[in-house]
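Working notes, beginning with the structure itself.
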Amino acid sequence: MTQKFRRTHHCGELSENQVDQTVTLCGWIHTRRDHGGLIFIDLWDKNGLTQVVLNPQIDQLAHQEAQTLRNNFVIAVTGKVRARPEDMVNPKLATGKIEVYVDELEILNKSQTPPFQGWDDQEVSEALRLKHRYLDLRNARLLRNLTLRDQITRTARKILHEQNFTEVETPILTKSTPEGARDYLVPSRLNPEKFYALPQSPQLFKQILMVAGMDRYFQIVKCFRDEDLRQDRQPEFSQIDMEMSFVDEEELFGLVERMMAAIYKETLGITIETPFPILKYQDAMNRFGCDKPDLRFDLEIVDLADTVTGTEFKVFADVLKNGGQIRALNAKKSGEVLSRKALDDMTELAKTYGAKGMAWIKVNADGLQSPITKFFKPDMLDAMMKKMDAEVGDTIVFIADAPKVVADSLAHLRLDIARRLNLIDGKKICLAWVTEFPLLEYDEEQKRYVAMHHPFTAPMAEELDKMESDPGSLKARAYDLVLNGNEIGGGSIRIHQSEIQQKMFKLLGINKEEAEAKFGFLLEALQYGAPPHGGIAFGLDRIAMILTGSASIREVIAFPKTQKATCLMTEAPSEVDKKQLKELKLKFDLS
RNA sequence: GGGGUCGUAGUUCAGUUGGUUAGAACGCCGGCCUGUCACGCCGGAGGUCGCGAGUUCGAGUCUCGUCGGCCCCGCCA
């Protein structure tokens, strides 16, 4: 260190206890108030602010030098801690009862005028914040977010180590595994025309660690998926990834619940209830229209098919005839809030999920108000209203369409209604397991089944015999952990027998040669004493986002990417030297 | 691939029906100031209105294209 004095304290830790001590503080000039005679400086580091005072009567030289100081300069000051007189105490500052009278001032570095003061809570465009992330990260909110994130990983590591887990690193340069998201590819110089892929998850490696007898593995690990970004999706993100041998759902759930409880306790001081409720996939879909329901409020979907069977209302009749559904939500006591305009907006929302429209009935004191009541006979209308438990002041919204459209639309309308009616208690924490997912989904485009979770997920034991006869009805030993309507983790009990794994590939339309080429190493490993095993992976960024109450995942990532997957600070991705391309034997097709 | 929205001083924004020299606040620069803590007072500098076409006597304002930020659909085993 070339500076004259070594730091003795952080800004923000001095109190009346250090009065009369000589201290050295280092930090950034947050604000400077030059009174001509006295100069006050609020000196900042990540621990807080301390006011330092330069008085020409104490040190002429330091005071003179302080006149050249500007915001954002990095300085070291040495001086005596003084108690502030009663009337000069600043109650807004943690260190407001003291100040440091400077004897010596050293400028450690100057600074350009920054484009914005990171410390302030002034609204600055996110693009500018990302370009100068080093300024932005000084903001107390972001510092808190990153600190909380650190507390999450620290707690997870602690709990998992206590439970005899070992953290093992798996490769970042690995093999491209189709089935799933797009891979990020890395060309291999030593193997021209061949590529590594960045892992979408350490899935296969952690299973192989189980074959190795590692017994309990975890890793806090970066994963990569080359898909479009969202508020809660980045191309590189972090997982708390774990896998256990000789485990079943019950044991795994218990362990995860202890980990989540510890995380809430350590980060926010909140005690959460365990065990978490378990919701079957099909029930979640029927009641909430999605597999990650927000359980902080009650509003549930009601099926009206039985009630409206035989209706002459063409829209409903046609949907029923074509195997569709008619389902509805009752927005209780929404009379005032769900105006005509609001209902129009909700219709637009439903349309984004493929609905052709949204029917509604308002239950007014003087009768029903609706564009569709005229199409129904009174007794059918009565039956519908009874089934919906409709009372004066309620609004019923209907979606009639194919099952997927009905589910998607109503799931989002449910959230929309909750926001409009203020049904969500922000303090509530609703964690739940969703289980018994279908093993397979039929992909219309590819005309084949694809794995809903991934192809290594075990089917439920009692259904093994159906693998050939009725694959579409198979259920998986897969589970998601849902927190306030967000999927924060997902996993499964895996297939540990190579015969079953091969059957699974067959169901997915992956033939022997293909399976061999893509996953041969796993199939081989499964033949050498693979224990029964299962695991789960948590989205660390999402958990941090929810625990910090952040609006976006970018608020809990130090250096996030934009929606076009670029980094505004480094300007990655960028063009590279021709020489580099040549070494990699890469050329672009410019046709 | 598609839909929406935003882009004006360093920053956050205003800018009327298309009309003279594009404004404010904060920040910045200079001066004054010994108890401020969002210090105060006085003065000053600072603009390719994202970029490119077009319409018009005249465009920050209207049209088209394009680039970028954000939100969403598709996509995300």
Side-chain angles (χ1 to χ4, degrees), chain A residues 30-43 49-58 63 67 70-72 82 84-85 87-93 95-96 99 101 112-132 135 177-183 200-201 203-204 223-235 237 348-355 405 408-409 412 437 439-441 443 445-446 449-457 476 478 487 490-492 504 508 510 518-519 537 539 551-552 554 561-564 566 568:
Chain A
H30 179 281
T31 37
R32 179 186 62 114
R33 295 177 292 279
D34 185 344
H35 285 230
L38 289 177
I39 297 174
F40 298 96
I41 286 168
D42 292 341
L43 196 63
L49 286 172
T50 299
Q51 172 165 283
V52 303
V53 186
L54 290 117
N55 187 329
Q57 284 161 5
I58 291 181
H63 179 264
Q67 288 173 352
R70 292 294 180 269
N71 281 353
N72 218 40
R82 300 279 178 89
R84 297 201 200 182
D87 56 333
M88 290 172 202
V89 166
N90 182 355
K92 284 186 273 181
L93 212 57
T95 59
E99 57 195 359
Y101 275 57
Q112 303 271 340
T113 301
F116 62 94
Q117 285 270 55
W119 300 296
D120 294 354
D121 265 327
Q122 184 199 10
E123 295 266 322
V124 180
S125 82
E126 195 171 2
L128 195 71
R129 288 174 48 202
L130 292 176
K131 184 168 161 58
H132 302 277
L135 299 176
T177 54
E179 296 280 309
R182 223 172 264 121
D183 285 321
Q200 297 177 27
S201 91
Q203 180 62 34
L204 301 180
C223 301
F224 306 85
R225 291 178 192 174
D226 186 7
E227 297 294 345
D228 284 6
L229 289 81
R230 286 283 191 285
Q231 196 174 27
D232 61 351
R233 266 166 33 193
Q234 284 272 308
F237 58 98
E348 287 309 307
L349 178 72
K351 283 181 178 171
T352 63
Y353 300 97
V405 173
D408 282 352
S409 305
H412 285 91
F437 283 82
L439 184 69
L440 305 167
E441 265 180 314
D443 186 322
E445 265 178 46
Q446 299 183 56
Y449 283 108
V450 295
M452 187 149 179
H453 186 55
H454 58 53
F456 318 106
T457 298
E487 183 201 324
S492 61
M504 181 70 180
L508 297 173
I510 300 173
K518 288 171 180 166
F519 311 109
S552 145
R554 298 183 298 278
K561 296 198 166 47
T562 69
Q563 198 162 42
K564 287 198 71 187
T566 67
L568 294 179

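Chain naming here is simple, since letters A, B, ... match the order of the sequence lines and numbering starts at 1 in each.
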Task: Residue matched to B:U5 through Watson-Crick or wobble contacts both under 3.5 angstrom - done: B:G69
- [ ] Could you check which nucleotide pairs with B:A38 in any of the strands shown, counting Watson-Crick or G-U wobble with both distances under 3.5 Å?
- [x] none
Looking for any heavy atom pair under 4.0 Å, which part of the strands does [X] touch: base, sugar-phosphate only, or nothing?
{"X": "A:Thr50", "answer": "nothing"}
{"X": "A:Glu126", "answer": "sugar-phosphate"}
{"X": "A:Phe116", "answer": "nothing"}
{"X": "A:Gln57", "answer": "base"}
{"X": "A:Ser201", "answer": "base"}
{"X": "A:Asp87", "answer": "nothing"}
{"X": "A:Asp34", "answer": "base"}

- [ ] Provide, to the nearest angstrom, the distance between the CG atom belonging to A:Asn72 and the P atom belonging to B:G27.
- [x] 15 Å
In terms of side-chain heavy atoms of [X], which of [options] is nearest?
{"X": "A:Val124", "options": "B:U12, B:C76, B:C37", "value": "B:U12"}
{"X": "A:Arg33", "options": "B:C37, B:G30, B:C75", "value": "B:C37"}
{"X": "A:Thr113", "options": "B:G27, B:G35, B:G30", "value": "B:G27"}

Taking 4.0 Å as the cut-off, does a side-chain nitrogen or oxygen of [X] come that near to OP1 or OP2 on [N]?
{"X": "A:Arg230", "N": "B:C73", "result": "yes"}
{"X": "A:Asn90", "N": "B:G35", "result": "no"}
{"X": "A:Lys92", "N": "B:C37", "result": "no"}
{"X": "A:Thr352", "N": "B:G4", "result": "no"}
{"X": "A:Gln231", "N": "B:C72", "result": "yes"}
{"X": "A:Arg554", "N": "B:C71", "result": "yes"}
{"X": "A:Arg70", "N": "B:C29", "result": "yes"}
{"X": "A:Gln563", "N": "B:C71", "result": "yes"}

Task: Pairing residues for A:Phe237 by the ring-ring contact (aromatic ring centres under 6.0 Å, His included) criterion, not counting sequence neighbours - done: none
Open item on the list: With the six-membered base ring of B:U36 as reference, does the ring of A:His35 sit under 5.5 Å away with planes under 30° apart?
Closed with: no
